[in-house]
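Have a look at the structure below before the remarks.
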Amino acid sequence: GYFGKFGGQYVAELLIPPLKELEHALKHIVPTEAFQKEFSDYLKNYVGRESPLTHCPTLSKDLGFNLYLKREDLNHTGSHKINNVLGQALLAKHMGKKALLTETGAGMNGVATATAARALGMDCIVFMGAVDVERQSHNVRRMKLLGATVVPVESGSKTLKDAINEALRFWIKEQATYHYCFGTAAGPHPFPTLVREFQSVVGKEARRQILERTGALPHSVIACVGGGSNAIGIFSGFIDDPEVQLIGVEAAGTGEEGCTNSAPICLGTDGILHGQRTMLLQDDDGQILPSHSIAGGLDYPGVGPEHAHLNDCGRAIYVKVNDCQALNAFKALTRAEGIIPALESSHAVAYVLENKDEFPKDCNVIVNLSGRGDKDMDIVEQCTELF
Ligand SMILES: CC/C=C(/N=C/c1c(COP(=O)(O)O)cnc(C)c1O)C(=O)O
């Protein structure tokens with residue numbers, strides 16, 4: 001369960017049994033033809049895969065190279081989150097679990113888990129920081145419509161980190177009947193591996209699609225990084241093609257020197273959080289620092305261990321983009337191509353728009369468009385100078 005020196009299973013003894021059960025399921029159920037067939041069938045006929053690879057003619061003309069978007073925003077429920085939670089929900093069913101619990105920040109993972117629970121006839125509890133309940137209210141309404149119980153978390157910074165803490169406590173108590181649908185490629189082993197496995201469909205499709213469309217591999221593949229699941233999903237399709245540059249985009253918050261941010265790889269240090277050794281925003285005593293991002297789904301002081309390793313070994317580079325740059329990219333994509341991106345995904349688009357001279361003329365670049373922006377209407381409308 002390690003990625004270089006990162007990863008592991010640093011949890012209370014009480015959590016070892018369900019994690020061991022999950023490791024067993026990953027090894028003995030996921031690889032079976034029956035499971036893979038059922039999972040692929042849901043991805044095709046319920047999620048609506050495969051997602052398109054959309055060329056952006058207007059932005060490409062301005063950039064001087066070809067920008068392609070992997071359209072995870074077009075999946076059922078509006079983001080890549082459904083790929084992972086459907087895989088985990090199917091696995092939970094096979095493991096005889098009766099209900100699902102999860103954490104959510106942007107609410108996309110909460111909606112996806114509530115949706116998968118309905119599709120499989122299971123109950124669902126979602127832990128969500130009180131700050132996120134406010135700023136992503138569109139998704140809270142969707143979760144409730146889907147019959148999920150939303151538990152606002154009032155501890156700590158009342159965002160994703162705190163929701164994970166509460167969810168883990170709940171799981172310790174209810175592990176016999178609940179499966180913890182971990183929403184990102186982070187947490188204790190086997191979650192980073194399990195989530196990567198279920199998100200790898202994105203990278204497989206994107207690699208085949210770009211070869212079909214352009215006859216060559218792309219110069220770069222770019223994705224925003226919160227916990228790291230949409231990025232590791234698309235990276236995994238190209239990780240064995242050393243000529244393809246992999247770029248993870250973290251959230252720099254407001255961007256001033258020393259400001260509160262969510263960029264643990266760019267600005268953090270090595271430590272342990274939520275059962276994993278990874279890069280973190282922490283003080284000298286190892287106390288976790290509060291994070292900030294305009295995007296609820298990136299507002300997390302940690303990152304999945306595989307990204308910490310890919311940064312360490314240099315296979316991927318990690319950069320950061322601030323709130324304002326993300327908002328500008330949100331507007332640019334909306335107005336240029338008629339696609340309204342999630343603020344999380346806007347960070348990946350912003351990196352390309354802000355650094356266009358780094359990409360060779362006429363090359364091909366893929367950005368993972370991890371989700372749609374309906375949930376962000378209130379936030380964006382507050383930045384009225386944008387529109
Ligand atoms: C697991 C908590 C993260 C959430 N969302 C994260 C997110 C992210 C960042 O999550 P990762 O892909 O796991 O880094 C990117 N794009 C969209 C549209 C997102 O919603 C959520 O609760 O919805």
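Each ligand, and each atom within it, is numbered from 1 in the order the structure gives.
- Counting protein heavy atoms only, atom 19 (C) of ligand 1 is closest to E344 CG, 3.9 Å.
- Note on ring orientation: taking the six-membered ring where Trp is involved, the planes of H179 and W171 are perpendicular (angle over 60°, cut-offs 30° and 60°).
- Only side-chain heavy atoms of L160 come within less than 4.0 Å of ligand 1; its backbone N, CA, C and O stay farther off.
- The only option from K44, K204, R71, R208 that meets the salt bridge (Lys or Arg N to Asp or Glu O under 4.0 Å) definition with E50 turns out to be R208.
- Among the atoms of K375, none of the N or O lies under 3.5 angstrom from an N or O of ligand 1.
- Of the protein's non-hydrogen atoms, G297 O, 3.5 Å is the one closest to atom 9 (C) of ligand 1.
- Polar contact check, T104 against ligand 1: a nitrogen or oxygen pair lies under 3.5 Å apart.
- Where the criterion is an N or O separation shorter than 3.5 Å, residue side chain and backbone included, G227 meets it with respect to ligand 1.
- When the options T184, T104, T102 are evaluated for a side-chain hydrogen bond (donor to acceptor under 3.5 Å, both in side chains) with N109, the one that passes is T102.
- Looking at G226 next to ligand 1, an N or O pair under 3.5 Å apart turns up.
- Near L298, the atoms of ligand 1 lying under 4.0 angstrom from a non-hydrogen atom of the residue are 9 (C).
- Contact annotation: for M108 versus ligand 1, heavy atoms closer than 4.0 Å belong to both the backbone and the side chain.
- For a threshold of 3.5 Å applied to N or O pairs, the pair formed by G183 and ligand 1 contains no separation below that value.
- Note: an N/O pair closer than 3.5 Å links G105 and ligand 1 by distance alone.
- Nearest approach of P305 to A185, heavy atoms of both residues: CD-O, 3.8 Å.
- Relative ring orientation between Y46 and Y42 is described as perpendicular, the plane-to-plane angle rising above 60° on a 0-90° scale split at 30° and 60°.
- Although no hydrogens or angles enter the test, the distance criterion places a donor-acceptor pair under 3.5 Å between the side chain of H307 and the main chain of G228.
- Those atoms of ligand 1 that come under 4.0 Å of a heavy atom in G371, given as number and element, are 18 (C).
- Summarising the contacts of atom 16 (N) of ligand 1 with P341, G373, S370, the nearest heavy atom is found in S370.
- When side chains are defined from C-beta on, M128 does not count as touching V153, because their heavy atoms never get closer than 4.5 Å.
- Annotation: E103 places no N or O atom under 3.5 Å from an N or O atom of ligand 1; distance criterion only.
- Residue S79 places no N or O, backbone or side chain, under 3.5 Å from any N or O of ligand 1.
- When all heavy atoms of A116 and L86 are compared, the closest pair comes out as CB-CD2, 4.2 Å.
- Those atoms of ligand 1 that come under 4.0 Å of a heavy atom in G228, given as number and element, are 11 (P), 13 (O), 14 (O).
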* Going through the checks in order, is the side chain to side chain donor-acceptor pair (under 3.5 Å) test met by N75 and E72? -> CA-CA 6 Å; N75 297 330; E72 293 305 294; 2.8 Å; yes
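- The shortest N/O to N/O separation between K81 and ligand 1 falls below 3.5 Å.
- Shortest non-hydrogen contact noted between V111 and L146 is O-CD1, 4.0 Å.
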